[in-house]
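As the structure is a prediction and not an experimental result, all values here were calculated from the model.
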Amino acid sequence: MNRARFLISRLGQTVLVLVLIAFITFAIFSLWPSNPAALACGKPCTAENLQRASEFMGYSDPWYTQFWHYLVGIVAGRTYGSGTSAIVCSAPCLGYSFRLSTPVTELITARLPVTASIAIGAAVLWLVTGVAAGVVSALKRGSRLDRTIMTATVLGVSAPSYLLGLLGILLFGFTLDMVPVSGYVALTDSPVDWAWHLVLPWCVLALISAAVYARMVRGEMLENMGEDYVRTARAVGLPEKRVIGRHVMRNISLPVVTYFALDLGGMLGGAVITERVFSMQGLGALLMDAVSTTDVPVVMGVTLVAAAFVIVANLLVDAFAAVIDPRV
């Protein structure tokens, strides 16, 4: 019962935070120095045409009315304008890009598979590699292998993602001609080509994040291996594999899962630099294009979706924590 109340409470807090994020996002971009209606005003943009465009796009209403319409649009959809020229944006409506003549939700839905493919593949790779390297380094503390792993993690943490991406393209793409260096192939078109085009982005992102996880896991393991419960387990004759696998690994799982969920949630919001380096049209590229063209509805929609990914990831971490540790 306490666990259920805890999860319901967290779910309610998540909804409130999403509404707050929506308001903050709306408030920030409502103060955007340029007028989005001016971009759709046409030439010559007379005061009458600007007023007509503002009314059609909903920017002539007070800010609180605009925000209310924005929230209602997410739940029930909304209509821009009236009569035969009206534009219907079906729920969940995150706005409408008048520059691209497409609902923002459709733009995000079309780009999300690219970002999700990059993020999920890289996340699995960095989780497995980082945790394994951290465990081995902790178990071999002080050895040459431990020093080698820690040296490699310093390089991984220090190197910028764009630099590793460019070096990877230069070495494995142009010099050795081993992997594709740009473009994206949908999973439904060809699973093999899908994975082959993503190998290099996966490895670049995984190398950076795996270094962080290896250092974190090593530190957590060394701390837990010095605790009383580990000495007691060894004293009663439990095999070392069971002590490490059942007790130590369970205790370090919560911080690892916490970081992993939040990192994955943030990555799903758009791997901006990686997508640019490898010429992949995901959410990050969509956001950068929208910023450069002052497409405010798209900027707001992508920002809100990215925040929602992180918030939902945090909710899942809370649920996981409640399952493995009832004291939470």
Quiz item: With no hydrogens and no angle check, is any side-chain donor or acceptor of Tyr96 less than 3.5 Å from a backbone partner on Cys89?
Solution: no
With ring centroids as reference points, do Trp202 and Trp196 lie under 6.0 angstrom apart? no
dist Asn314:CG -> Gln13:CD (nearest 0.5 Å) comes out at 9.5 Å
task: Would you indicate whether Met288, at its atom CE, is surrounded by more than 12 heavy atoms from other residues, nucleotides or ligands within a distance under 6.0 Å?
output: no
Of all heavy-atom pairs linking Ala290 and Val299, the shortest is CB-CG2, 3.6 Å
Here the pair of heavy atoms bringing Met221 nearest to Ala138 is CB-CB, 3.7 Å
- request: Taking the side chain as every heavy atom from C-beta outward, state whether Pro201 and Met280 have any atom pair closer than 4.5 Å.
  value: yes
Rounding to 0.5 Å, atoms CG (Leu139) and CG (Leu222) come to a distance of 8.5 Å
Quiz item: Parallel, tilted or perpendicular: which fits the ring planes of Phe26 and Tyr70, with parallel below 30° and perpendicular above 60°?
Solution: tilted
- [ ] Let me see the working for Met267 and Trp126 under side-chain contact (heavy atoms from CB on, under 4.5 Å), right down to the final yes or no.
- [x] CA-CA 13 Å; Met267 189 70 68; Trp126 85 52; 4.0 Å; yes
Could you tell me whether a side-chain N or O of Tyr213 sits under 3.5 Å from a main-chain N or O of Phe260, the two making a donor and an acceptor? yes
Honestly curious: do Ile28 and Val310 fall in one hydrophobic cluster under the side-chain, below-4.5 Å linking rule? no
Residues Ile149 and Ala133: closest non-hydrogen pair is CD1-O, 3.8 Å
Heavy-atom donor-acceptor pair, Thr232 side chain to Val230 backbone, under 3.5 Å: no
Phe172 atom CZ, neighbour heavy-atom count above 12 within 6.0 Å: no
**Q.** Donor-acceptor contact below 3.5 Å, side chain Thr115 vs main chain Leu112
**A.** no
Ile311 and Val15: same hydrophobic cluster, using ILVMFWY side-chain contacts below 4.5 Å?
no
Original post:
Do other residues, nucleotides or ligands put more than 12 heavy atoms under 6.0 Å from Phe23 CZ?
Top reply: no
Paired with Ile74, the side chain to side chain contact (heavy atoms under 4.5 Å, CB included) test is passed by just one of Val19, Leu94, Thr105, namely Leu94
- Kindly say whether Met150 contributes a backbone atom to a donor-acceptor pair with the side chain of Thr153 at under 3.5 angstrom? yes
Using a 4.5 Å cut-off on heavy atoms from C-beta on, say whether the side chain of Leu200 contacts that of Phe278. yes
Exactly one of Val135, Asp146, Val136 clears side chain to side chain contact (heavy atoms under 4.5 Å, CB included) with Arg218, and that residue is Asp146
message = I'd like to know if the side chain of Glu275 and the backbone of Ala285 have a donor-acceptor N/O pair within less than 3.5 Å.
response = yes
Q. Glu55 side chain to Ser60 main-chain N or O, any donor-acceptor pair under 3.5 Å?
A. no
Closest non-hydrogen atoms of Pro113 and Ala110, given as atom of the first, atom of the second and distance, are CD-O, 3.5 Å
In terms of heavy-atom contacts, Ser97 and Leu107 come closest through CB-CD1, 3.9 Å
Note to self: Between Asp289 and Arg276, does the salt bridge (Lys or Arg N to Asp or Glu O under 4.0 Å) criterion hold? Intermediate values first, please.
What the structure shows: CA-CA 11 Å; Asp289 291 339; Arg276 282 299 190 188; 2.9 Å; yes
| field | Close aromatic pair by centroid cut-off 6.0 Å: Phe98 and Tyr80 | value | yes
* Residue pair Leu16 / Leu20, side-chain heavy-atom distance below 4.5 Å -> no
In terms of heavy-atom contacts, Gly173 and Val181 come closest through CA-CG1, 3.3 Å
CG (Leu268) and CD1 (Ile118) are apart, to the nearest 0.5 Å, by 10.5 Å
Look at atom CZ of Arg234 and say whether more than 12 heavy atoms of other residues, nucleotides or ligands are closer to it than 6.0 Å.
yes
Side-chain heavy atoms nearer than 4.5 Å, only ILVMFWY residues, links allowed to pass through others: does that put Val298 and Phe67 together? yes
Return yes if some donor-acceptor pair links the side-chain N/O of Asn224 with the main-chain N/O of Glu220 below 3.5 Å, else return no. yes
CG of Leu71 to NE2 of His69, rounded to nearest 0.5 Å, is 10.5 Å
Rounded to the nearest 0.5 Å, the CG atom of Asp61 sits from the OH atom of Tyr64 at a distance of 9.5 Å
Can Leu316 be reached from Leu127 by stepping across I, L, V, M, F, W or Y side chains whose heavy atoms are under 4.5 Å apart? no
Are the side chain of Thr151 and the backbone N or O of Arg147 linked by a donor-acceptor pair below 3.5 Å? yes
Separation between CG (Asp263) and OH (Tyr259), nearest 0.5 Å, reads 9.0 Å
